[in-house]
Trainee: 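Can you read through this structure? Questions will come right after.
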Amino acid sequence: MFRSRRSGLVRRLWRSRAGGDGGVSCCGMSEPPAVSPELRSAASAVLKRLKEPALGALLEAVESRGAAAGGCVLVSRLGPPPHLLLCRLFRWPELQHPGQLKALSGCQGAGGADSNTVCCNPYHYSRVCGPESPPPPYSRLSPKIEQKELDFSDSYTEMDASCSLRIPVGDVSDTSMSPDTNKQGRWCSVAYWEHRTRVGRLYAVCQPSVSIFYDLPQGSGFCLGQLNLENRSEAAARTRGKIGLGIVLSRELDGVWAYNRSDHPIFVNSPTLDSPACRPLVVRKVMPGYSLNVFDYKKSCILRHLPAPTEYADGPYDPHSVRISFAKGWGPCYSRQMITSCPCWLEVLLGR
């Protein structure tokens, strides 16, 4: 009976990769690339080492495509990196090296190279986006992979003079705060905008990470789907339908990271995305499954002692504000020149 249940879980995992009964596969493709004999053999060896509860947790994450990321799936470090194998199998067939992966902030089993076990839940990892935002030391890209994998065709200098839209500090919702989180203190507040209209109150964030989503079963965080607006534009209504699982913002040792959990790109603007010697701001495109260091603490300390950019002389400039647009970019490469032309976007106001 035990072997029968276990074998059934393994079969469901393989069917999930293939897309099940005509559905979309866990890789996000209707027809995922064929599995090479080497990958199939190595991945099968990893699955054989997992006990039934771990297989169940892995299956839940894979079948939901990350909507229910589940807990860590720990496995011994034998042979090829287990997390690399399962990430290749279920999410990114083109992966070449574990240095291309970043463990998400909620993963407790990523460990270091000296750990005997590692988490192999593919939805506890993301790809790393961009050399301007170097990943943490434990997941630094190798130079060869960095040059081959990363594409900066969607980066450009922003000349948007609207910059940060100021919000009164007192207009902050306390709905996200429990007695415990109040003691920790708020490290950022998030405002949701549709074009030039702010929708709802500020969402205060006290936990190390927060999910911001439209529809996330079994999830908690800032639910944009619950925010109502009279006379909502058609563009905003369409874009809201693309937010899906949204993003995860996390405060880590080297800065604030944004992980794109949705099926559509997000676009990010932050004072620390470019070199301090070149002050014009840059908007970065972050593809689904990728993470970007959207606010670098060290660069922020340098920017603090520099004068505000001249291109923002006619408008407010907030060196602690990050702006994120869902699905739609803005700037010289797009029809939308300013962030306020984007249908759905966030303003992340970081604490000093």
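Numbers for residues simply follow the sequence, beginning at 1.
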Trainee: Once side chain to side chain donor-acceptor pair (under 3.5 Å) is applied, do any residues pair with Tyr125, and if so which ones, sequence neighbours excluded?
Mentor: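 Side chain to side chain donor-acceptor pair (under 3.5 Å) check on Tyr125 returns nothing, list empty.
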Trainee: Listed by chain and number, what are the side chain to side chain contact (heavy atoms under 4.5 Å, CB included) partners of Ser250, not counting sequence neighbours?
Mentor: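 Scan of Ser250 (side chain to side chain contact (heavy atoms under 4.5 Å, CB included), adjacent residues dropped) gives Ser105, Ser209, Glu252, Trp257.
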Trainee: Parallel, tilted or perpendicular: which one describes the rings of Trp193 and Trp345, with boundaries at 30° and 60°?
Mentor: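 Rings of Trp193 and Trp345: parallel, as their planes differ by under 30°.
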Trainee: Could you check whether any side-chain N or O of Glu60 sits under 3.5 Å from a backbone N or O of Ala57, counting only pairs where one atom can act as donor and the other as acceptor?
Mentor: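 Looks like no, no N/O pair under 3.5 Å.
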Trainee: In terms of hydrophobic clustering (I, L, V, M, F, W, Y; side-chain heavy atoms under 4.5 Å; direct or indirect links), are Met287 and Ile243 co-clustered?
Mentor: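 Cluster IDs for Met287 and Ile243 match.
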Trainee: Any chance you could measure Arg251, atom CZ, to Cys206, atom SG, to the nearest 0.5 Å?
Mentor: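 Going from CZ on Arg251 over to SG on Cys206, the span is 9.0 Å.
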Trainee: With no hydrogens and no angle check, is any side-chain donor or acceptor of Ser270 less than 3.5 Å from a backbone partner on Thr272?
Mentor: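 Between the backbone of Thr272 and the side chain of Ser270 there is a qualifying donor-acceptor contact (under 3.5 Å).
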Trainee: Could you walk me through whether Leu346 and Ile247 pass the side-chain contact (heavy atoms from CB on, under 4.5 Å) check?
Mentor: CA-CA 11 Å; Leu346 303 172; Ile247 66 172; 3.8 Å; yes
Trainee: Could you report the tightest heavy-atom contact between Val322 and Val294, atom names first, then the distance?
Mentor: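 In terms of heavy atoms, the two residues are closest at CG2-O, 3.9 Å.
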Trainee: Quick one: do Leu292 and Leu350 end up in the same hydrophobic cluster if we chain Ile, Leu, Val, Met, Phe, Trp and Tyr together by side-chain heavy atoms under 4.5 Å apart?
Mentor: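 They do share one cluster, since a chain of ILVMFWY contacts under 4.5 Å joins Leu292 to Leu350.
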Trainee: Please check this pair: side chain of Arg6 against backbone of Lys51, looking for a donor-acceptor N/O pair closer than 3.5 Å.
Mentor: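 Pair absent, no side-chain N/O of Arg6 close to backbone of Lys51.
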Trainee: Are Tyr259 and Leu249 grouped together when hydrophobic residues (ILVMFWY) are joined by side-chain heavy atoms under 4.5 angstrom apart?
Mentor: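 In one cluster: no.
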Trainee: Does Gly225 offer a backbone N or O that forms a donor-acceptor pair with the side chain of Asp215 under 3.5 Å?
Mentor: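 No; judged by distance alone, with no hydrogens or angles, the pair does not exist.
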Trainee: Where the side chain of Arg261 meets the backbone of Val248, is there a donor-acceptor pair that is under 3.5 Å apart?
Mentor: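 Such a contact is absent between Arg261 side chain and Val248 backbone.
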Trainee: Looking only at heavy atoms, which two atoms of Ser325 and Ile339 are closest? And how far apart?
Mentor: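 Heavy atoms of Ser325 and Ile339 come nearest at CB-CD1, 4.1 Å.
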Trainee: Does Leu78 belong to the same Ile/Leu/Val/Met/Phe/Trp/Tyr cluster as Leu84, with side-chain heavy atoms less than 4.5 Å apart forming each link?
Mentor: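 No.
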Trainee: Identify, with sequence neighbours excluded, every residue that meets ring-ring contact (aromatic ring centres under 6.0 Å, His included) alongside Phe213.
Mentor: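 Checked Phe213 against ring-ring contact (aromatic ring centres under 6.0 Å, His included); zero matches.
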Trainee: For residues 33-43, tabulate all N or O donor-acceptor pairs below 3.5 Å that involve a side-chain atom, not counting sequence neighbours.
Mentor:
unit_1	atom_1	unit_2	atom_2	d
Ser36	OG	Leu39	N	3.1

Trainee: Can you name the closest pair of heavy atoms from Cys344 and Ala236 and give their distance?
Mentor: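 Heavy atoms only, the tightest pair is SG-O, 3.5 Å.
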Trainee: Not counting sequence neighbours, which residues clear ring-ring contact (aromatic ring centres under 6.0 Å, His included) with His124? List them please.
Mentor: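 Listed in chain order: nothing, the list is empty.
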Trainee: Report yes if some heavy atom in the side chain of Ser291 is under 4.5 Å from a heavy atom in the side chain of Leu104; otherwise report no.
Mentor: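 Side-chain contact under 4.5 Å: yes.
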Trainee: Could you tell me which residues satisfy side chain to side chain donor-acceptor pair (under 3.5 Å) with Arg238, sequence neighbours excluded, listed by chain and number?
Mentor: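 Arg238 satisfies side chain to side chain donor-acceptor pair (under 3.5 Å) with no other residue.
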Trainee: Which pair of heavy atoms, one from Leu101 and one from Val128, lies closest together, and at what distance?
Mentor: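 Scanning both residues completely, I find the closest heavy atoms to be C-CG2, 4.1 Å.
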Trainee: Quick one: does any side-chain atom of Thr239 pair with a main-chain N or O of Ala235 as donor and acceptor, under 3.5 Å?
Mentor: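 Pair found, side chain donor or acceptor close to backbone of Ala235.
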Trainee: Can you tell me if Arg186 uses its side chain to pair, donor with acceptor, with the backbone of Gly351 under 3.5 Å?
Mentor: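 Here the side-chain-to-backbone pair does not exist.
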Trainee: To the closest 0.5 Å, what do you measure between CG (Leu58) and CG (Leu13)?
Mentor: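 Output value for this atom pair is 5.0 Å.
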Trainee: I'd like to know whether Leu74 forms a side-chain contact (heavy atoms from CB on, under 4.5 Å) with Val118, so could you lay out the CA-CA distance, the side-chain angles of the two residues, the decisive distance to 0.1 Å, and finally the verdict.
Mentor: CA-CA 5 Å; Leu74 299 178; Val118 65; over 6 Å; no
Trainee: Going by the rule side chain to side chain donor-acceptor pair (under 3.5 Å), which residues pair with Ser44 if we only count those two or more places apart in sequence or in a different chain?
Mentor: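 Counting only residues at least two positions away or on another chain, Ser44 forms no side chain to side chain donor-acceptor pair (under 3.5 Å).
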Trainee: I need the Phe295 CZ to Leu273 CG distance, nearest 0.5 Å.
Mentor: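 Those atoms lie 10.0 Å apart.
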Trainee: Please identify each residue that fulfils side chain to side chain donor-acceptor pair (under 3.5 Å) with Tyr192, with sequence neighbours left out.
Mentor: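 Checked Tyr192 against side chain to side chain donor-acceptor pair (under 3.5 Å); matches are Glu194, Arg240.
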Trainee: Please report the shortest heavy-atom distance between Arg49 and Ser76, naming the atom on each side.
Mentor: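 Smallest heavy-atom distance, with atoms named: NH2-O, 2.9 Å.
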Trainee: Taking only residues two or more places apart in sequence or in another chain, which ones pass ring-ring contact (aromatic ring centres under 6.0 Å, His included) with Phe326?
Mentor: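 None.
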Trainee: Identify which one of Cys119, Ser115, Cys120 satisfies the side-chain contact (heavy atoms from CB on, under 4.5 Å) criterion when paired with Thr117.
Mentor: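 The passing option is Ser115.
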Trainee: Salt bridge (Lys or Arg N to Asp or Glu O under 4.0 Å) with Asp263: which residues, sequence neighbours excluded?
Mentor: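 With sequence neighbours excluded, Asp263 shows a salt bridge (Lys or Arg N to Asp or Glu O under 4.0 Å) to Arg65, given in chain and number order.
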Trainee: Give the intermediate values and the outcome of side-chain contact (heavy atoms from CB on, under 4.5 Å) for residues Val256 and Trp187.
Mentor: CA-CA 10 Å; Val256 178; Trp187 65 270; 3.8 Å; yes
Trainee: When you measure from the side chain of Arg88 to the backbone N and O of Phe90, does any donor-acceptor pair fall under 3.5 Å?
Mentor: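 Pair absent, no side-chain N/O of Arg88 close to backbone of Phe90.
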Trainee: Not counting sequence neighbours, which residues clear side chain to side chain contact (heavy atoms under 4.5 Å, CB included) with Lys242? List them please.
Mentor: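 With neighbours one apart ignored, the set is His264, Ala327, Lys328.
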Trainee: Which value, rounded to the nearest 0.5 Å, describes the distance between Gln100 atom CD and Leu95 atom CG?
Mentor: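 Result: 5.5 Å between the selected atoms.
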Trainee: Which atom names give the shortest non-hydrogen contact between Gly200 and Leu227, and what distance separates them?
Mentor: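 Closest approach of Gly200 to Leu227, heavy atoms only: CA-CD2, 4.3 Å.
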Trainee: With sequence neighbours excluded, what pairs up with Ala54 under the side chain to side chain contact (heavy atoms under 4.5 Å, CB included) test?
Mentor: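 Leu50, Val73.
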Trainee: Run Tyr123 and Arg91 through side-chain contact (heavy atoms from CB on, under 4.5 Å) and show every step you take.
Mentor: CA-CA 8 Å; Tyr123 287 94; Arg91 297 195 69 184; 3.5 Å; yes
